[in-house]
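Report on one structure; see the data block that follows.
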Amino acid sequence: MIKEIKLLNCKYMGHTRNSIQIKRDIETVFSLTNDIANWSKLFTEYQVSKIIKRESNKVTFQLITYPNKDDSHQHSWISERIIDQDNFQCFATRLSPLFPFKYMHIYWKYLYKNGVTEMIWIQDFELEEKCSWSESEFEDYLNENSRIQMNEIKLKIEEY
């Protein structure tokens, strides 16, 4: 079982928390949002979502974004995700490359009430000194993008 990560909100740490209500049962929402091999169909930002290794409830995977509109650059990284299906929660950490982060931890949890599943994403990170963005700028970016992706996921799952 994974315990919810609660890190201290210190001066040098970024933190975001976003949630969305999805009108589907928790088992369906959890299953679809943790089918990493199909994230390229669920998220609008990932062109490729590839499983590298699976060990019990731990999955190592690679994500590759669609090219940026500005400069056609694609971003790619490898992460590890521990999926706690019994308690409807997951913990992920970015492995490589870490830049622009010193670390990036993502915690997802799911709550169910009255026919609606609440999906919650919490991201805690620290940026490398070489990063040109501030923690607050990166928080703003992550919050905006998380809300866009959560809304896309909600629409797709409610239509499923």
Side-chain angles (χ1 to χ4, degrees), residues 2 4-5 7 13-52 58-85 87-101 103-113 115-127 131 133-160:
I2 303 168
E4 180 176 346
I5 306 295
L7 301 173
M13 186 173 64
H15 175 84
T16 67
R17 184 186 192 283
N18 290 282
S19 67
I20 196 162
Q21 308 286 320
I22 302 173
K23 294 177 187 168
R24 289 299 304 259
D25 62 280
I26 194 168
E27 293 82 6
T28 298
V29 175
F30 189 84
S31 175
L32 291 173
T33 58
N34 284 287
D35 183 3
I36 298 166
N38 284 309
W39 276 7
S40 59
K41 296 174 186 159
L42 192 60
F43 290 80
T44 62
E45 64 185 328
Y46 303 136
Q47 187 173 27
V48 175
S49 51
K50 178 175 132 185
I51 303 296
I52 296 170
K58 182 167 64 172
V59 181
T60 305
F61 58 98
Q62 179 183 24
L63 296 173
I64 302 172
T65 64
Y66 283 99
N68 285 341
K69 293 176 185 169
D70 298 334
D71 60 8
S72 297
H73 181 76
Q74 288 182 279
H75 299 277
S76 175
W77 63 91
I78 295 173
S79 292
E80 180 178 271
R81 186 173 182 88
I82 298 170
I83 301 170
D84 179 359
Q85 188 166 357
N87 295 293
F88 300 106
Q89 58 185 353
C90 307
F91 176 76
T93 189
R94 185 165 166 158
L95 300 177
S96 160
L98 283 175
F99 189 81
F101 306 104
Y103 64 85
M104 166 58 93
H105 301 297
I106 304 171
Y107 175 70
W108 288 14
K109 71 177 177 177
Y110 304 74
L111 304 170
Y112 186 74
K113 187 175 179 182
V116 174
T117 298
E118 180 181 19
M119 182 173 64
I120 302 160
W121 295 355
I122 299 169
Q123 298 175 90
D124 288 314
F125 63 92
E126 188 173 348
L127 294 173
C131 183
W133 291 23
S134 69
E135 303 276 344
S136 64
E137 288 171 324
F138 222 99
E139 284 176 352
D140 291 345
Y141 168 78
L142 290 172
N143 279 324
E144 180 181 348
N145 191 56
S146 293
R147 291 175 190 131
I148 290 168
Q149 295 307 314
M150 289 178 124
N151 192 54
E152 288 293 324
I153 290 167
K154 170 187 173 68
L155 294 172
K156 289 174 183 169
I157 291 176
E158 288 182 351
E159 289 175 0
Y160 180 77

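Keep in mind that what you see is a predicted model, and the values were worked out from it rather than measured.
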Is any side-chain heavy atom of [X] less than 4.5 Å from a side-chain heavy atom of [Y]?
X: Glu118; Y: Lys109; answer: no
X: Ile22; Y: Met150; answer: no
X: Phe88; Y: Glu27; answer: yes
X: Ile157; Y: Lys23; answer: no
X: Ser49; Y: Lys41; answer: no
X: Thr44; Y: Gln149; answer: yes
X: Gln74; Y: Val48; answer: no
X: Tyr112; Y: Val29; answer: no

Hey, could you give me the [atom1]/[atom2] distance between [X] and [Y], rounded to the nearest 0.5 Å?
X: Phe30; Y: Ile83; atom1: CZ; atom2: CD1; answer: 6.0 Å
X: Tyr110; Y: Ser31; atom1: OH; atom2: OG; answer: 9.5 Å
X: Arg94; Y: Ile78; atom1: CZ; atom2: CD1; answer: 10.5 Å
X: Leu63; Y: Ser76; atom1: CG; atom2: OG; answer: 8.0 Å
X: Phe125; Y: Glu139; atom1: CZ; atom2: CD; answer: 5.0 Å
X: Ile64; Y: Trp77; atom1: CD1; atom2: CH2; answer: 9.5 Å

Surrounding [atom1] of [X] (heavy atoms of other residues, nucleotides or ligands, distance under 6.0 Å), is the total greater than 12?
X: Gln85; atom1: CD; value: no
X: Lys156; atom1: NZ; value: yes
X: Gln47; atom1: CD; value: yes

Do Tyr107 and His105 make the cut of ring centroids closer than 6.0 angstrom?
-> no
Tell me, please, which residues at least two apart from [X] pass ring pair (Phe, Tyr, Trp, His ring centres under 6.0 Å).
X: Tyr141; value: Trp133, Phe138
X: Phe43; value: Trp39, Tyr46
X: Trp121; value: Trp108

Stepwise, does the side-chain contact (heavy atoms from CB on, under 4.5 Å) test hold for Leu95 with Ser79?
-> CA-CA 5 Å; Leu95 300 177; Ser79 292; 5.6 Å; no
Show the numbers, then the answer: is there a side-chain contact (heavy atoms from CB on, under 4.5 Å) between Glu137 and Leu127?
-> CA-CA 11 Å; Glu137 288 171 324; Leu127 294 173; over 6 Å; no
[X] and [Y]: which non-hydrogen atoms are nearest, and at how many Å?
X: Arg81; Y: Thr33; result: NH2-O, 4.4 Å
X: Val59; Y: Phe61; result: O-CD2, 3.7 Å
X: Asn18; Y: Ser146; result: ND2-CB, 3.8 Å
X: Asn143; Y: Arg17; result: OD1-N, 4.2 Å
X: Ile153; Y: Leu42; result: CG1-CG, 3.8 Å
X: Gly14; Y: Glu135; result: N-OE1, 3.0 Å

Please confirm whether the backbone N or O of Ile120 pairs with a side-chain atom of Ser19, one donor and one acceptor, at under 3.5 Å?
-> no
Hey, does the side chain of Arg24 reach the backbone of Glu159 with a donor-acceptor pair shorter than 3.5 angstrom?
-> no
Can Gln123 and Thr16 be counted as having a side-chain donor-acceptor contact under 3.5 angstrom?
-> yes
Audit row: Cys131, Phe101, side-chain contact (heavy atoms from CB on, under 4.5 Å) steps and yes/no = CA-CA 8 Å; Cys131 183; Phe101 306 104; over 6 Å; no
